[in-house]
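A short write-up of the structure that comes next.
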Amino acid sequence: MSFRPARLRLQSLGEILVTLGFLTDATSAALLSPFTAFSNPLGSVRALAAFTLLSSLLMLLLIALLSRLRGESLRGLCLGKGVSPRREIFLGLGLVPLVFLVSFLIKSFTRHALPGLYSGEQNVLEELMKSPLDLGLFLVVALVAGGFREELQRAFIIRRFEAGWGPAWLGATLFAICFGYGHLLQGKDEAIIAGVFGLLWGGIYIARRNIVATSLSHGLYDALELVRYYFWGPMRFL
């Protein structure tokens, strides 16, 4: 193994580790800790929104900096080359019903076949919503953090893994596991659902090399689920 590949692997690994989210989350928590109203992200929707949006901003700046150091651009990472925006938008919109269907089927399956993994029909985060303002803040979080930040993060990590460690599909799979783990707070079945979605969106990014369709489907799914939960409450699964 030559020096250059070894250095490239270490550089790629370092970039992957700092963009997994632990660093930006810890920094956001530290910056918000002096402010009582925002010190506990699970204390209110306002606190959760402040924490999540700040962490998303830090992640965006971090990925922009790391990309620039490699002579790359955020535009290239997000939009790729020769992309038809209309086609990607249609794909993203078409994915939304599929994502809802997969979520419903997995949730129903765990309820009947794997009750030990079933977390119930209430969501600890969605239960924080008490007013239209809370819903509005949550929608902003869904579109910015879910739709954009997480898909930008996924694309960056997949590309860095591919550059230094192995095939893109393996990087997407490993990040999908991390993505699912990050949703354990909402329940084991929710973590499984997030992991499956991570595989789906990771595979689409590898095939399309842009985040338009994945960001749109991810953000709209999160936003529509929040609206559904706010107006109609927990879903009754099969």
Side-chain angles (χ1 to χ4, degrees), residues 19-21 49 52-53 55-56 59-60 63 74-109 123 125-126 135-159 161-162 168-169 171-183 186-187 189-232 235 237:
T19 54
L20 282 176
T52 306
L53 293 176
S55 181
S56 297
M59 179 65 71
L60 173 63
I63 290 178
L74 275 181
R75 180 181 177 84
L77 178 64
C78 296
L79 300 180
K81 297 179 180 179
V83 173
S84 169
R86 179 179 298 180
R87 183 182 302 172
E88 299 304 312
I89 289 172
F90 282 142
L91 174 60
L93 292 174
L95 285 170
V96 175
L98 173 63
V99 173
F100 270 102
L101 176 61
V102 171
S103 175
F104 181 82
L105 292 176
I106 294 176
K107 194 80 173 180
S108 299
F109 176 79
N123 187 295
L125 296 182
E126 291 173 323
L135 174 61
L137 287 173
F138 243 144
L139 290 177
V140 173
V141 169
L143 295 172
V144 174
F148 180 67
R149 172 253 175 97
E150 290 179 354
E151 294 311 312
L152 174 67
Q153 181 184 17
R154 189 187 320 279
F156 181 84
I157 288 175
I158 288 174
R159 288 183 60 164
F161 188 90
E162 186 179 28
W169 65 264
T173 301
L174 292 174
F175 185 65
I177 294 172
C178 293
F179 187 65
Y181 179 80
H183 288 73
Q186 298 173 329
D189 50 355
E190 296 291 340
I192 293 172
I193 291 171
V196 171
F197 290 164
L199 287 174
L200 172 65
W201 288 320
I204 291 171
Y205 175 76
I206 292 171
R208 317 294 290 189
R209 293 294 169 167
N210 70 82
I211 67 169
V212 176
T214 57
S215 291
L216 187 60
S217 59
H218 189 164
L220 282 179
Y221 167 73
D222 286 354
L224 291 173
E225 169 59 21
L226 287 167
V227 172
R228 184 205 62 75
Y229 197 96
Y230 181 79
F231 285 105
W232 293 285
M235 181 181 290
F237 293 95

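Under a cutoff of 6.0 Å and an axis angle of 45°, R154 and F179 form a cation-pi pair.
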Run the side chain to side chain contact (heavy atoms under 4.5 Å, CB included) check on E162 and W169 step by step: do they pass?
CA-CA 9 Å; E162 186 179 28; W169 65 264; over 6 Å; no
Could you walk me through whether L20 and F175 pass the side chain to side chain contact (heavy atoms under 4.5 Å, CB included) test, one step at a time?
CA-CA 9 Å; L20 282 176; F175 185 65; 4.1 Å; yes
Begin with the C-alpha distance, continue with both residues' side-chain angles, and end with the deciding distance and a verdict on side chain to side chain contact (heavy atoms under 4.5 Å, CB included) for V212 and L216.
CA-CA 6 Å; V212 176; L216 187 60; 5.5 Å; no
Go through it in stages, so that I can follow the logic: the residues are V102 and I193, the test is side chain to side chain contact (heavy atoms under 4.5 Å, CB included), and I'd like the CA-CA distance, side-chain angles, deciding distance and then a yes or no.
CA-CA 8 Å; V102 171; I193 291 171; 5.9 Å; no
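When all heavy atoms are compared, the tightest approach of A168 to R209 is CB-NH2, 3.9 Å. Considering all non-hydrogen atoms of both residues, A142 and A223 come closest at CB-N, 3.9 Å. Minimum interatomic distance between S215 and E151 (heavy atoms only, all atoms of both residues): OG-CB, 3.5 Å. F138 and E126 make their closest contact through CE1-CA, 4.4 Å (heavy atoms, listed as atom of the first residue, atom of the second, distance). Considering all non-hydrogen atoms of both residues, L143 and G219 come closest at CD2-O, 3.7 Å. Across all non-hydrogen atoms, the minimal contact from S56 to V144 is CB-CG1, 4.5 Å.
Side-chain contact between V227 and L139: present, with at least one pair of heavy atoms (C-beta onward) separated by less than 4.5 Å. Counting heavy atoms from C-beta on, the side chains of F197 and S103 come closer than 4.5 Å. In this structure the side chain of C78 never reaches within 4.5 angstrom of the side chain of N210, judged on heavy atoms. Within the 4.5 Å cutoff, the side chain of I63 has heavy atoms near those of the T19 side chain. In this structure the side chain of S217 reaches within 4.5 angstrom of the side chain of W201, judged on heavy atoms. For the pair I157 and L174, the minimum side-chain heavy-atom distance is 4.5 Å or more. Using a 4.5 Å heavy-atom threshold, the side chains of V99 and L200 count as touching. Side-chain contact between E150 and M59 is absent, with no heavy-atom pair separated by less than 4.5 Å.
Taken from CZ in R208 to CD1 in I211, the straight-line distance is 14.0 Å, to the nearest 0.5 Å. Y221 OH to L226 CG: the interatomic distance, rounded to the nearest 0.5 Å, is 9.5 Å. Between the CG atom of L101 and the CG atom of L95 there is a distance of 12.5 Å, given to the nearest 0.5 Å.
Put simply, the side chain of Y229 gets close to the backbone of N123: a donor and an acceptor are under 3.5 Å apart.
Of the N and O atoms on the side chains of T52 and R149, not one donor lies less than 3.5 Å from an acceptor on the other residue. For the residue pair E190/H183, the side-chain donor-acceptor check at 3.5 Å is not satisfied.
Applying the salt bridge (charged side-chain N to carboxylate O under 4.0 Å, His left out) criterion to R228, with sequence neighbours excluded, gives E225.
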